[in-house]
There are 2 protein chains.
Amino acid sequence: MVTDSDTTADGTIQLLWGLREGPTRGPKPVLSLERIAQAAVDLADAEGLAAVSMQRVAADLDFTKMSLYRYVTGKDELVAAMIDLAVGEPPTLDELPGTTWRPRIEAWVRLLAQTWEAHPWLPWVTMGDRVMGPKETGWTELSAAILAETGLTVPERMSLARMLGGHVRATMSVSTAGTQPWVNRHQAALLREHADRFPTLRSMLDGDAAPPPDYGRDFGLRVILDGVELLIAERSGRHRA
Amino acid sequence: MVTDSDTTADGTIQLLWGLREGPTRGPKPVLSLERIAQAAVDLADAEGLAAVSMQRVAADLDFTKMSLYRYVTGKDELVAAMIDLAVGEPPTLDELPGTTWRPRIEAWVRLLAQTWEAHPWLPWVTMGDRVMGPKETGWTELSAAILAETGLTVPERMSLARMLGGHVRATMSVSTAGTQPWVNRHQAALLREHADRFPTLRSMLDGDAAPPPDYGRDFGLRVILDGVELLIAERSGRHRA
DNA sequence: GACAACTGTGTCCTACGGATACTGTTTCCG
DNA sequence: CGGAAACAGTATCCGTAGGACACAGTTGTC
């Protein structure tokens with residue numbers, strides 16, 4: 001399941017970056033990588049990632065399972081193609097609102113979150129060490145371009161970009177059933193039952209503070225970016241001193 | 001793979017919270033949930049989560065695959081048991097350094113990260129809507145207790161706790177092979193090749209800024225907590241005004 | 001027109017999670 | 001004290017998964 005070697009990575013790179021040499025000799029391919037990936041994405045959107053199997057994707061296309069292996073060396077490559085298709089082309093810098101890094105990066109987060117909400121399986125599949133496709137790299141490029149203005153160091157900027165992506169991931173895919181957004185009803189019942197062991201959590205259950213509909217995405221984003229601004233201010237202050 | 005119903009959740013709850021009524025009639029069980037979970041954790045630590053199958057866990061214990069199903073209704077429950085075993089008992093509040101929320105929550109993050117580093121499969125398995133076991137709930141309780149001091153609202157506190165957990169997750173499981181910590185060598189080669197499409201990323205490749213060994217965990221934590229302090233300060237300022 | 005290259009198919013294999021029926025053991029109760 | 005119920009671990013079977021491999025049919029090239 002986990003691609004752990006170079007040969008696999010090379011294959012995926014060739015696939016995603018259009019480096020697969022198209023042959024000229026044999027019969028014309030009826031299928032295409034795009035059609036396959038699209039069918040897989042549609043399936044994952046509709047029935048979840050677990051429903052995506054070679055069998056099923058092929059069936060949705062009215063082909064045999066093994067025919068897919070002419071376009072994709074394995075399921076890992078299919079998933080990689082799904083990711084780059086689903087994540088889509090990033091916006092350009094001038095499409096973003098504002099002229100400074102903060103509103104721009106806020107918009108970047110918002111747009112990324114929208115994309116991920118449309119494909120709820122993406123958070124699970126974009127974890128760990130991978131080779132990013134061109135579109136996904138485009139999103140990263142955009143964030144890097146936006147954050148260049150901050151004056152942070154290169155590792156800091158990339159840490160921040162990674163952090164924001166992680167934040168989007170963390171503020172998604174949470175149960176909706178429950179009185180409080182941070183706990184599902186099974187957990188709530190358990191907390192009431194074991195109030196002695198978890199007094200703080202127990203007391204928080206009855207709070208009537210307005211639960212944010214986005215599970216704290218905006219709140220967390222504000223906290224992070226405030227921290228960044230503070231850091232910038234500190235450094236520019238030191239520069240002047 | 002995804003437990004999507006209540007009956008399953010109920011079963012897992014009973015398992016994790018010790019609510020399974022032990023029978024008294026038949027032959028004495030030779031195995032135990034603890035032994036099974038421990039074997040599974042050891043296996044996952046050594047060979048990765050993908051190596052954990054009922055077959056393999058049972059073989060490591062010199063038992064049949066089906067014998068495990070006497071202690072666990074399915075693999076989901078096994079994984080749930082693995083999580084609560086691997087995450088371990090949280091520290092107590094007075095074991096943490098400092099007396100204010102900031103050093104305490106910093107220590108909380110550090111300890112959680114240590115635990116997760118010891119079990120690199122945990123990030124993948126602790127995503128999404130689940131029922132937490134008692135030990136994992138203990139970690140959450142601790143963070144909630146620490147953050148109570150901040151004066152943030154309940155949803156804000158829990159968002160923050162979730163955020164910090166997400167931050168630990170995001171700053172783990174990254175490739176180590178590469179000149180820069182934020183990109184692996186495959187990606188780096190691609191960026192050099194497509195320098196026109198990704199100019200910002202391309203230019204960052206040659207930077208010689210010191211790559212942090214923790215992939216920006218401390219940096220990100222500082223940013224987040226600075227943001228929190230700023231928020232607290234703003235509100236207390238408004239209170240005075 | 002032969003041949004090489006290629007696409008899509010059919011068959012087969014291994015491994016997985018899990019259901020079910022079974023054998024053997026323990027304990028309760030009449 | 002002895003049978004019967006309740007249990008533990010086993011053996012066998014099933015459906016589905018990813019994938020290897022050999023094949024039939026199609027296409028371009030020499």
Side-chain angles (χ1 to χ4, degrees), chain A residues 1-5 7-8 11-12 14-15 20-37 39-40 43-44 47-82 121 125, chain B residues 1-5 7-8 11-12 15 20-37 39-40 43-44 47-82 125:
Chain A
M1 177 162 275
V2 175
T3 64
D4 62 317
S5 190
T7 48
T8 327
T12 308
Q14 290 170 15
L15 182 86
R20 212 84 113 189
E21 309 137 16
T24 49
R25 277 281 203 118
K28 308 204 165 160
V30 186
L31 271 164
S32 70
L33 177 62
E34 286 71 30
R35 278 186 64 194
I36 295 174
L43 183 57
E47 303 182 32
L49 191 65
V52 177
S53 70
M54 299 287 133
Q55 202 97 253
R56 183 65 197 280
V57 172
D60 285 8
L61 290 164
D62 275 307
F63 278 83
T64 342
K65 172 183 68 167
M66 291 313 291
S67 66
L68 305 187
Y69 286 89
R70 292 281 167 197
Y71 302 85
V72 153
T73 64
K75 200 187 180 180
D76 289 335
E77 273 196 16
L78 174 59
V79 173
M82 286 173 67
W121 44 274
V125 120
Chain B
M1 177 164 271
V2 174
T3 64
D4 61 317
S5 192
T7 48
T8 327
T12 307
L15 182 86
R20 212 85 112 189
E21 309 136 17
T24 49
R25 275 284 200 116
K28 307 204 165 162
V30 185
L31 272 164
S32 70
L33 176 63
E34 286 71 29
R35 277 186 65 193
I36 295 174
L43 183 57
E47 302 182 32
L49 190 66
V52 176
S53 71
M54 299 285 134
Q55 201 99 253
R56 184 64 197 282
V57 172
D60 286 6
L61 291 163
D62 275 307
F63 277 83
T64 345
K65 173 183 68 166
M66 292 313 292
S67 65
L68 305 187
Y69 286 89
R70 292 279 167 196
Y71 302 85
V72 152
T73 63
K75 201 188 181 180
D76 289 335
E77 272 196 18
L78 174 59
V79 172
M82 287 173 68
V125 119

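Order of the sequence lines sets the chain letters (A, B, ...), proteins ahead of strands, with each chain counted from 1. The analysis underlying the following values was restricted to heavy atoms, covering all of them including side chains, and did not include hydrogens, waters or symmetry mates. As the structure is a prediction and not an experimental result, all values here were calculated from the model.
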* To do: Report yes if some heavy atom in the side chain of A:Asp76 is under 4.5 Å from a heavy atom in the side chain of A:Thr12; otherwise report no.
  => no
* Structure fact -> Whole-Å distance, B:Leu78 CG to C:dC16 P, equals 13 Å
* Rounded interatomic separation in angstrom, taking CZ from A:Arg35 and C1' from C:dT7 -> 14 Å
* Mind listing the closest non-hydrogen atom pair of B:Tyr71 and B:Pro29 along with its distance? => OH-CB, 3.3 Å
* **Distance in angstrom units between B:Leu31 CG and D:dA8 P, rounded** => 11 Å
* To do: Give a yes/no on whether any side-chain N or O of A:Tyr71 is located under 4.0 angstrom from OP1 or OP2 of C:dG8.
  => yes
* Asked: Taking atom C1' of C:dG8 as reference, at what distance in whole Å does atom CG of A:Leu61 sit?
  -> 13 Å
* Asked: Any side-chain heavy atom of B:Glu47 sitting closer than 4.5 Å to one from B:Val52?
  -> no
* Asked: Under 4.0 angstrom, heavy atoms only, what part of the nucleic acid is A:Ser67 near: base, sugar-phosphate, or nothing?
  -> base
Only distances under 3.5 Å count here; give the side-chain donor-acceptor pairs of residues 59-70 of chain B to other protein atoms, sequence neighbours excluded, each with its distance to 0.1 Å.
from    : atom 1 : to      : atom 2 : distance (Å)
B:Asp60 : OD1    : B:Arg56 : NE     : 3.3
B:Ser67 : OG     : B:Thr64 : O      : 2.6

* In whole angstroms, how far is the P atom of D:dA8 from the CD1 atom of B:Ile36? -> 11 Å
* Return no unless some side-chain N or O of B:Thr64 is found under 4.0 Å from OP1 or OP2 of D:dG9. => no
* Taking CE from A:Met54 and C1' from D:dG15, how many angstroms apart are they, rounded to a whole number? -> 18 Å
* Asked: Between CG of A:Leu49 and CG of A:Leu43, what distance do you get to the nearest 0.5 Å?
  -> 9.0 Å
* To do: Please examine the side chains of B:Leu78 and B:Met54, heavy atoms only from C-beta on, and report whether any two atoms are closer than 4.5 Å.
  => yes
* Structure fact -> Residues B:Ala44 and B:Met82: closest non-hydrogen pair is CB-CE, 3.8 Å
* Taking atom C1' of D:dC14 as reference, at what distance in whole Å does atom CD of B:Gln55 sit? -> 14 Å
* **Protein-to-nucleotide contact annotation, 5' to 3' order, nucleotides 20-30 of chain D [B base; S sugar-phosphate only; - none; under 4.0 Å, heavy atom]** => BB---BBBBS-
* To do: Using whole Å, report how far CG of B:Leu68 lies from P of D:dG9.
  => 10 Å
* Identify, between A:Phe63 and B:Arg56, the residue whose nearest nucleotide on DNA chain C lies closer to the 5' end. => A:Phe63
